[in-house]
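Structure first, then comments.
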Amino acid sequence: MPFHQNRCCRPVAGNGPIGVLALQGNVSEHIEAFESAVNNLGLGIPVIPVKRADEIPGLLALAIPGGESTTIMRLIDQNGMRETIQTFPGGIFATCAGMVIAARELTGETRFTPLDLVDITVNRNAFGRQRESFESDLAIEGMNPPFHAIFIRAPVITRAGPDVCVLATIKQGIVAVRSGKKLILSFHPEISNDLRMHQYFLTEVL
Amino acid sequence: MILEDLRFGTELIKRGFASMQKGGVIMDVVSADQAGIAEDAGAVAVMALERVPADIRSAGGVARMADPKKIVEIMDAVSIPVMAKARIGHFVEAQVLESLGVDMIDESEVLTPADEEYHIDKTKFTVPFVCGARNLGEALRRINEGAAMIRTKGEAGTGNVVEAVRHNRTILSEIRRLKGMDDIELVKRARELEAPADLLIETAQRQRIPVVNFSAGGIATPSDAALMMQLGSDGVFVGSGIFKSEQPELMAKAIVEAVNHWNEPSVIAEVSKGLGDAMPGLDIHALPPEQVLQTRGW
């Protein structure tokens, strides 16, 4: 499916709010970015932090933010959210640690089992340590001008299944994919001061 | 992606790293085994040390950067970020830590200061820094020098949360008092606080300091950690509080959960059951002045 079809004000299906998984990490930045994106598009969808499993089924979409994937994953299990997220039929917007959590499998990682939301294999901390974190303009399928992407101890996708649409690739691997109502990114659009990824999710992916 | 356009160590990258730690617990560890326990418990990062602050306190003498061998051992043991401490003003210790690949440097008053006039110029580094502060002026001076994260100092190695509370409340109330001031009043206030005016104006507008703010220094129980969260902290550092307690594994997990559920007393009650003894505490008022760590740095 083409990245940008001019349907930016198409009302989104479903009624519930957008939830941002608020266990650990860059939660408030995601809430603010989604609120701005919703306002820009005139959609009037509320955006709420989500800490409990019973808040998830009523959502339009769930964002899994950046943070420490081992910590977030442990808290997902501790709070009994694993199954609820796995069976959630709405949209998923996952960035950085969220990509690790959403993966089917992880390379060289035995510390936890990811949620298998998307048929991808992910390499955690693919770039190395924090000093290797970087920002750069990233060419994304159908997006012009390029998106200024911020990679912080970022993961990359080393294998994408047949139903997964690859949106951006760099030397180290795939860094943006879409699969059904799910958008999975290695980088942090919530701190780029550019709402195009959030708006694309609201208008094209959901 | 155009490779020559890659930019490393920018302010956005440094502050972004700190931001990913929000809602988390950063734990002091002195061995690969302890680092593994911290990671399994759900720590967002570990602070690699040769001795925890309580032991630094009892050892006395000059406390320096940890042995690089120890730091590398800890870095090899875990997949979460590893931080390490350099002495205040000791930019060569910081260069050494950066070359080892630590993910964040703590320019820390827990070690003996190497410079009594100047802190490290943190803008010169690719790796981000966290620095201690007791009040808003100190926090903004550190941010102006390039710190990507602030932690309130508290009094490390005491197991007594009173100073952490004091420093946190001080910063909160100093920020609240900026409300309603116009720019010219803020510039005057900046002079009084010995803080850069632009950072003070930004703080007044956002009603928070411009970088992530954690609490540290004396946090010893799940309730202590939740207390700091309810006082507006973005997360907590736990130093001696975990591995000086009777059952470190249980204490580490309980503190992580208390930070996650910081406003749910029934959960904090549940995770606090049967943890055994917390670390032994010290009365701040009984400390001789030369043993007070928080007054190091300015």
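Reminder, nothing fancy here: chain letters follow the sequence lines and each chain counts from 1.
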Counting only non-hydrogen atoms closer than 4.5 Å, does [X] touch chain A with its backbone (N, CA, C, O), its side chain (CB onward), both, or neither?
{"X": "B/Asp234", "answer": "neither"}
{"X": "B/Ala43", "answer": "backbone"}
{"X": "B/Val271", "answer": "neither"}
{"X": "B/Met104", "answer": "neither"}

Quick one: of [options], who has the most non-hydrogen atom pairs under 4.5 Å with chain A?
{"options": "B/Gly42, B/Gly235, B/Ala45", "result": "B/Gly42"}
{"options": "B/Val44, B/Val267, B/Val256, B/Val82", "result": "B/Val44"}
{"options": "B/Gln21, B/Met75, B/Glu98, B/Lys14", "result": "B/Met75"}
{"options": "B/Val127, B/Ile80, B/Val259, B/Val25", "result": "B/Ile80"}

Non-hydrogen atoms of [X] and [Y] that approach each other most closely:
{"X": "B/Leu12", "Y": "A/Glu135", "answer": "CB-OE2, 3.6 Å"}
{"X": "A/Gln130", "Y": "B/Phe17", "answer": "OE1-CD1, 3.3 Å"}
{"X": "A/Leu23", "Y": "B/Asn260", "answer": "O-ND2, 3.2 Å"}
{"X": "B/Trp262", "Y": "A/Lys51", "answer": "NE1-NZ, 3.9 Å"}
{"X": "A/Gln24", "Y": "B/Met20", "answer": "NE2-O, 2.7 Å"}
{"X": "B/Ser79", "Y": "A/Arg153", "answer": "O-NH2, 2.8 Å"}

Chain B contacts, top residue of [options] (heavy-atom pairs, under 4.5 Å):
{"options": "A/Cys96, A/Ser192, A/Ala149, A/Gly67", "result": "A/Gly67"}
{"options": "A/Asn125, A/Val27, A/Thr70, A/Thr71", "result": "A/Thr71"}
{"options": "A/Gly66, A/Ser133, A/Ala168", "result": "A/Ser133"}

So how far is it from [X] [atom1] to [Y] [atom2], rounded to the nearest 0.5 Å?
{"X": "B/Glu257", "Y": "A/Arg74", "atom1": "CD", "atom2": "CZ", "result": "5.5 Å"}
{"X": "A/Arg131", "Y": "B/Ile13", "atom1": "CZ", "atom2": "CD1", "result": "15.0 Å"}
{"X": "B/Leu6", "Y": "A/Ile170", "atom1": "CG", "atom2": "CD1", "result": "8.0 Å"}

(request) Under 4.5 Å heavy-atom distance to chain B, tell me which part of A/Leu75 shows up: side chain, backbone, both or neither. (result) side chain
(request) Side chain from CB out, backbone as N, CA, C, O: work out which of these in A/Asn26 comes under 4.5 Å of a heavy atom of chain B, or both, or neither. (result)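 Answer is both: backbone and side chain atoms of A/Asn26 are under 4.5 Å from chain B.
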Got more than 12 heavy atoms from elsewhere within 6.0 Å of [atom1], [X]?
{"X": "B/Phe91", "atom1": "CZ", "result": "no"}
{"X": "A/Glu83", "atom1": "CD", "result": "no"}
{"X": "B/Asn263", "atom1": "CG", "result": "yes"}
{"X": "A/Glu105", "atom1": "CD", "result": "yes"}

(message) Under a plain distance cut-off of 3.5 Å, with no hydrogens placed, do B/Ser19 and A/Glu29 share a side-chain donor-acceptor pair?
(response)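 Result is yes, a qualifying pair exists.
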